[in-house]
Amino acid sequence: MKWNMVENSIELYPAKPFSFSECLLFLNRSNLENLHRVIDGVLYKLLNIGEKNVLIKITESPSSLVIDFPMGECPSDTGEKVIQFVEEWLGLNQDMAGFYTMAAHDPLLSPLIDKYTGLRIIGIPDLFEALVWAVIGQQINLTFAYTLKKRLVELCGERVEVEGLQHWTFPSYEKVANLTVEDFRNMQFTGRKAETILHIARMMHRGELLKESLLLENDVQAIHHQLTSIKGVGPWTAEYVMMKSLQLPNAFPVSDVGLHNAIKDRMNLPKKPTVNEIKEMAEVWEGWKAYATFYLWRSLYDETAL
DNA sequence: ATCCAGGAACTGT
DNA sequence: ACAGTTCATGGA
């Protein structure tokens, strides 16, 4: 992707179609979210890069996205990492052309790509954060999931105040690895989720689980197997992480309840479809199942009928 | 109060 | 292989 550094700001030029307002809508869906902030069309996020916390501020200009650094100058040698993060976070490096061509011929997806043109899959570039968020989200409603995440972040994430606004980073696996099951129980995590998250944190702390290593696997089945071999990580969590953190366009959390509800609503079905029925209708999505899923999720929080 | 939630592991057949 | 049970709690 093209980019340009001008004085103390970076301009990015995502390939079209790209919708910044769709990014903001997704990122602003919960008022319990504290890992970024959306204020009047401006997106803030605190990044931890090379032991330093860097606040980025993203705005849209007519022809580009602009990243500014409200804490001062962009520290030298972090510019590249900031760009890479934002690309993965907002999906700027995603090539949508094949998906749109496929979706245009699918009666379920075609209204969605028309209405949400430019929507990208919003990612969670940090593998640890993606895994923890997925484990938290297992079998509980989203509001409670956000509450639990907020408690964990405020317990051991890092906080910075800039211009009167608080900003948080997600806790590092080093810090989480030093927590106990009781710490999690006090935050109303279940014992199982506490064990799973602690296990993941300790694995990553020991260097036994690395995003770069997963991405070097030669096929997605190997990645899926490596993730599901972690106790507490099942098929849904593995696919979710492959979609949101590893950016695999064909990742498919087929058992996802939200996906089931979206398909039911979109097709006016009397009840939710079975997993096998969904697998059948997803055959034509081959190669793009992650995008199909994300566009269907998007339809769930649409206030206006399609 | 009742059902369900962006599941997973375990148990029994 | 497949179905039922348990975990645990909050939200609507």
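Owing to the predicted nature of the structure, the values given are computational and were not obtained by experimental measurement. Below, chains carry the letters A, B, ... as their sequence lines are ordered, and counting in each starts from 1.
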- Item | OP1 or OP2 of B/dA5 under 4.0 Å from side-chain N/O of A/Lys272 | yes
- Query: Between the base of B/dA8 and the side chain of A/Gln138, is there any donor-acceptor pair under 3.5 Å?
  - Reply: no
- Item | N or O in side chain of A/Asn261 less than 4.0 angstrom from B/dA5 OP1/OP2 | yes
- A/Phe184 CZ to C/dA8 P, straight-line distance once rounded to whole Å: 15 Å
- Task: Could you give me the CA-CA distance, side-chain angles and deciding distance for A/Tyr44 and A/His167, then say whether ring pair (Phe, Tyr, Trp, His ring centres under 6.0 Å) is met?
- Result: CA-CA 8 Å; A/Tyr44 296 90; A/His167 304 277; 5.7 Å; yes
- Message: Would you call the rings of A/Tyr116 and A/Tyr295 parallel, tilted or perpendicular, taking 30° and 60° as the class edges?
- Response: tilted
- Taking all heavy atoms of A/His105 and all of A/Thr101, pick out the closest pair and write down the distance. CD2-O, 3.0 Å
- Message: Just the rounded figure in Å: distance from P of C/dG11 to CG of A/Asn141.
- Response: 6 Å
- Interatomic distance at C1', B/dC3 relative to C/dA8, whole Å: 15 Å
- Task: Tell me what A/Val135 touches on the nucleic acid: a base, only sugar-phosphate, or nothing, going by heavy atoms under 4.0 Å.
- Result: nothing
- Verify the distance criterion only: is there a donor paired with an acceptor across the side chains of A/Trp236 and A/Asp256 at less than 3.5 Å? yes
- Item | C/dG10 OP1/OP2 closer than 4.0 Å to side-chain N/O of A/Thr143 | no
- Message: Between A/Gln139 and A/Thr147, which residue's closest nucleotide on DNA chain C lies nearer the 5′ terminus?
- Response: A/Gln139
- Message: Is the shortest side-chain heavy-atom distance between A/Trp285 and A/Tyr291 below 4.5 Å?
- Response: no
- Please report, rounded to the nearest Å, how far the P atom of B/dA8 is from the CD1 atom of A/Ile200. 11 Å
- Query: Of the nucleotides C/dA8, C/dG10, B/dA8, which has the atom closest to the A/Thr237 side chain?
  - Reply: B/dA8
- Of A/Ile140 and A/Ile230, the one whose closest nucleotide on DNA chain B sits nearer the 5' end is A/Ile140
- Item | Crowding at NZ, A/Lys279 (>12 non-hydrogen neighbours, <6.0 Å) | no
- Query: For A/Lys193, which contact category applies under a 4.0 Å heavy-atom criterion: base, sugar-phosphate, or nothing?
  - Reply: nothing
- Task: Could you tell me whether the phosphate oxygens of C/dT9, OP1 or OP2, come under 4.0 Å of any side-chain nitrogen or oxygen in A/Arg151?
- Result: no
- Task: Mind calculating the distance between CG (A/Leu131) and P (B/dA8) to the nearest angstrom?
- Result: 12 Å
- Roughly how many Å is it from CG in A/Leu300 to C1' in B/dC4, rounded to a whole number? 15 Å
- Task: Mind checking A/Pro253 for me? I need base, sugar-phosphate or nothing, with any heavy atom below 4.0 Å counting as a touch.
- Result: nothing
- Roughly, in whole Å, what's the span from NE2 in A/His199 to C1' in B/dA8? 15 Å
- Query: Separation of A/Glu195 atom CD from B/dA8 atom C1', in whole Å?
  - Reply: 14 Å
- Hunt down any stem DNA chain B takes part in, defined as 3 or more consecutive Watson-Crick or G-U pairs whose two distances are each under 3.5 Å. B:2-5 with C:9-12, B:7-13 with C:1-7
- Item | Whole angstrom value for the distance that separates C1' of C/dG11 from CG of A/Leu32 | 12 Å
- Task: Quickly, which of A/Lys45, A/Lys149, A/Lys150 forms a salt bridge (Lys or Arg N to Asp or Glu O under 4.0 Å) with A/Glu33? Name it, please.
- Result: A/Lys149
- Message: Determine whether A/Glu286 and A/Lys289 satisfy the following criterion, salt bridge (charged side-chain N to carboxylate O under 4.0 Å, His left out), listing intermediate values before the conclusion.
- Response: CA-CA 6 Å; A/Glu286 184 58 37; A/Lys289 292 177 185 172; 3.2 Å; yes
- Given DNA chain B, 5'-ward residue of the pair A/Trp297 and A/Lys231, judged by closest heavy atom: A/Trp297
